[in-house]
Amino acid sequence: MPEGHTIHRLAKDYAAAFATGAPLRVTSPQGKFSDAAALLDHTPLHTTDAHGKHLFLGFSNGFRDADWIHIHLGLFGKVTFGPAPAPPPTDTVRLRLADGTAYVDLRGPTTCALITDPEKQAIHDRLGPDPLRPDADPAAAYRRISRSRTTIAALLMDQKVIAGVGNVYRAEVLFRHRIDPYRPGRDITPAEWDALWTDLVGLMHEGVRHNRIDTVRPEHTPEAMGRPPRVDDHGGEVYVYRRAHQPCHLCGEQIRTAGLAARNLFWCPSCQRRP
């Protein structure tokens with residue numbers, strides 16, 4: 001499932017693709033979004049927004065309140081950008097936006113729904129603060145974390161606590177701060193939380209800029225350490241994610257893995273000892 005930086009990048013890319021503000025052709029070749037697409041057809045995209053793993057495309061036709069397409073890619077959703085003229089769509093395209101310069105196809109999302117402003121706000125209200133949003137309140141997340149016996153690794157993946165953090169950022173930020181993933185949230189100190197949050201903000205903004213996740217510090221890159229670069233479909237240089245049974249870059253201990261919060265957790269038992 002894409003992490004939050006990918007969704008924020010998509011919001012920027014949708015806005016850039018249709019920056020002219022021209023009315024768009026809005027269609028649903030697959031048919032599952034046809035009624036809503038017909039309501040939005042020949043209207044401009046005026047706003048894009050993201051919160052955690054939720055993407056919002058805002059339209060207004062001038063005589064009713066703004067409408068939003070709410071998209072959650074889930075495990076299988078894909079977005080494809082291309083220049084005009086758009087090729088004939090396949091019957092797997094849930095949503096196509098197109099104008100005289102570009103087209104964007106959405107396939108296989110978990111959610112693609114037309115919602116109102118109040119419905120959009122209700123989604124924001126149930127999500128935790130997003131490190132990529134300027135309105136994020138990290139203190140709100142810490143209030144929940146500091147009262148919880150749940151492991152910090154599970155809390156970081158709970159979108160009601162923090163929105164947008166996924167399995168990669170979870171594993172990597174805990175390693176970067178030498179925090180045992182099994183520590184209860186209530187044992188995380190205010191100083192540790194401030195450091196975790198600040199690091200997430202920086203790492204995820206870099207993810208938006210480069211459209212990939214790199215988490216190793218400059219002194220731990222392959223070039224700096226004289227080690228081979230990582231070879232993985234997910235790309236990016238990391239410390240522990242998907243490196244189970246390989247040696248830690250820092251101490252040489254074997255990276256461990258275990259299931260936690262329905263995902264595979266990765267950590268170094270030496271660098272991330274519980275105090």
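For clarity, every value in this text was computed on a predicted model and none was experimentally measured. The residues of the chain are indexed from 1 along the displayed sequence.
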Considering all heavy atoms, the nearest [X]-[Y] contact:
| X | Y | answer |
| --- | --- | --- |
| F59 | I69 | CE1-CD1, 3.6 Å |
| V26 | D41 | N-OD1, 2.9 Å |
| D99 | A17 | OD2-O, 4.3 Å |

Does [X] reach the side chain of [Y], with side-chain heavy atoms less than 4.5 Å apart?
| X | Y | answer |
| --- | --- | --- |
| P184 | S148 | no |
| M157 | R263 | yes |
| H54 | I71 | no |
| L73 | L10 | yes |
| R126 | K160 | no |
| L97 | R25 | no |
| L39 | D67 | no |
| M225 | E219 | no |

Step-by-step side-chain contact (heavy atoms from CB on, under 4.5 Å) determination, L57 to W68: CA-CA 5 Å; L57 308 178; W68 298 89; 5.9 Å; no
Is there a donor-acceptor pair closer than 3.5 Å between any side-chain N or O of [X] and the backbone N or O of [Y]?
| X | Y | answer |
| --- | --- | --- |
| T43 | L40 | yes |
| E237 | P229 | no |
| E192 | T189 | yes |
| H72 | G74 | yes |
| H249 | R227 | no |

Looking only at the side chains, is there a donor atom on one of [X] and [Y] sitting less than 3.5 Å from an acceptor on the other?
| X | Y | value |
| --- | --- | --- |
| Q121 | D125 | yes |
| E3 | T6 | no |
| E253 | S270 | no |

Would C248 and I255 satisfy side-chain contact (heavy atoms from CB on, under 4.5 Å), going step by step from the backbone distance to the final call? CA-CA 6 Å; C248 173; I255 300 300; 3.9 Å; yes
For R176, is there an ion pair with D199 - N to carboxylate O distance below 4.0 angstrom? yes
Electrostatic pair D180-R273, nearest N-O below 4.0 angstrom: no
Does the plane of the ring in H5 sit parallel, tilted or perpendicular to the ring in Y169? Use 30° and 60° as the thresholds. perpendicular
By ring-ring contact (aromatic ring centres under 6.0 Å, His included) - contacts of F56 (at least two apart): H70, H124
Please report, to 0.1 Å, the donor-acceptor pairs under 3.5 Å made by any side chain of residues 102-112, with sequence neighbours excluded.
{"residue": "D105", "atom": "OD1", "partner": "R96", "partner atom": "NE", "Å": "2.7"}
{"residue": "D105", "atom": "OD2", "partner": "R96", "partner atom": "NH2", "Å": "3.0"}
{"residue": "R107", "atom": "NE", "partner": "T92", "partner atom": "OG1", "Å": "3.1"}

Which pairs, with at least one residue in residues 255-275 and sequence neighbours excluded, count as a ring pair (Phe, Tyr, Trp, His ring centres under 6.0 Å)? Y182-W267, Y241-F266
Is the count of non-hydrogen atoms from other residues, nucleotides or ligands lying under 6.0 Å from R274 atom CZ greater than 12? yes
Residues that, via side-chain heavy atoms closer than 4.5 angstrom, fall in one hydrophobic cluster with F76: M1, L75
For Q30, what residues pass the side chain to side chain donor-acceptor pair (under 3.5 Å) criterion, not counting sequence neighbours? R94
Evaluate K120 against D49 for side-chain contact (heavy atoms from CB on, under 4.5 Å), listing each step before the verdict. CA-CA 10 Å; K120 177 177 183 286; D49 191 16; 2.8 Å; yes
Check side-chain contact (heavy atoms from CB on, under 4.5 Å) between A153 and all other residues, then give those that pass, not counting sequence neighbours. T151, R170, L174, P181, L260, L265
Chi angles and distances behind the salt bridge (Lys or Arg N to Asp or Glu O under 4.0 Å) call for R144, D158: CA-CA 11 Å; R144 300 187 69 162; D158 186 341; 5.2 Å; no
Check: H220 ring centre within less than 6.0 Å of Y239 ring centre: yes
With clusters defined by side-chain heavy atoms of hydrophobic residues (ILVMFWY) lying less than 4.5 Å apart, directly or transitively, does V93 cluster with L95? no
With rounding to the nearest 0.5 angstrom, report the CZ to NE2 distance, R9 to H210. 9.5 Å
Give the C-alpha distance, both sets of side-chain angles, the deciding distance and a yes or no for side-chain contact (heavy atoms from CB on, under 4.5 Å) between Y142 and D194. CA-CA 9 Å; Y142 187 64; D194 287 344; over 6 Å; no
